Amino acid sequence: GAVVSQHPSWVICKSGTSVKIECRSLDFQATTMFWYRQFPKQSLMLMATSNEGSKATYEQGVEKDKFLINHASLTLSTLTVTSAHPEDSSFYICSARVGRERVNEQFFGPGTRLTVL
Amino acid sequence: AQSVAQPEDQVNVAEGNPLTVKCTYSVSGNPYLFWYVQYPNRGLQFLLKYITGDNLVKGSYGFEAEFNKSQTSFHLKKPSALVSDSALYFCAVRYRNSGNTPLVFGKGTRLSVIA
């Protein structure tokens, strides 16, 4: 149980286009989802925290108008990179926290590698 | 503020030898502590966690970690390393009573097990 999926697993796009990444909790309801970004050989950096039905909370330095997060339901969150540029190329990982039953655990998706040409 | 330090970028160990990956934390309250492993181009896989109780925590794939409050450490250990253990390991911390805050990760330690 507690599986988190991401789609797509990798994407290549042209500079200036927008890319949407989906994160789904497959067998549980995730009241909170987190989006992380990982550069090569570096740790995961938290981008934003989103609760179902409310606006995401962004970390300092993360542009909310560039990285649009929608947490439409308890099983789906999306991250849209708008007007992508080469510096946005990175590995994006979502994470979902289980509800009240196992409040301490975060489960991670497999990640999405974005390459902007 | 909560933070995690992994002092070693790289750990090399011979197959069959014991391995240790170090982690120290800094939190103002009581922490929840976690270890995750990441294989190339993959997401994170949960290994083990310390919440409360016994300071020695046993996890997946034969790994274990010991919570040491006086030294604020949570080192990951395995008695006999396998080549397949080669991966990137992350220590993470979260406040015990921090509501909805996420995990905070260390920078990661790359483990290389040599046959």
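Just so it is clear, the model here is predicted, and its values are computed rather than measured. Residue numbering restarts at 1 for every chain, and letters A, B, ... go by the order of the sequence lines.
For the atom pair B:Leu103 CG and A:Ser95 OG, the distance stands at 6.5 Å (nearest 0.5 Å).
Shown here is B:Tyr39, whose OH atom has more than 12 heavy atoms of other residues, nucleotides or ligands within 6.0 Å. The 12-atom threshold is not exceeded at NZ of B:Lys22, counting heavy atoms of other residues, nucleotides or ligands nearer than 6.0 Å. Atom NZ of A:Lys66 sits in a crowded spot, with more than 12 heavy atoms from other residues, nucleotides or ligands closer than 6.0 Å. The local environment of NE2 in A:His85 is crowded, with over 12 non-hydrogen atoms from other residues, nucleotides or ligands closer than 6.0 Å.
When heavy atoms are compared at a cutoff of 4.5 Å, B:Gln38 approaches chain A solely by way of its side chain, counted from C-beta outward.
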Exercise. What's the verdict on ring-ring contact (aromatic ring centres under 6.0 Å, His included) for B:Phe105 and A:Phe34, showing C-alpha distance, side-chain angles and the deciding distance?
Worked result: CA-CA 13 Å; B:Phe105 288 86; A:Phe34 306 95; over 10 Å; no

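A pairwise comparison of heavy atoms in B:Leu88 and A:Gln38 identifies CD2-NE2, 4.2 Å as the closest pair.
Within the 3.5 Å criterion, the main-chain N or O of B:Gly108 finds no donor-acceptor partner in the side chain of A:Ser43.
A:Leu68 and A:Met47 are members of different hydrophobic clusters when ILVMFWY side chains are connected at heavy-atom separations under 4.5 Å.
For the pair B:Tyr36 and A:Leu44, the minimum side-chain heavy-atom distance is 4.5 Å or more.
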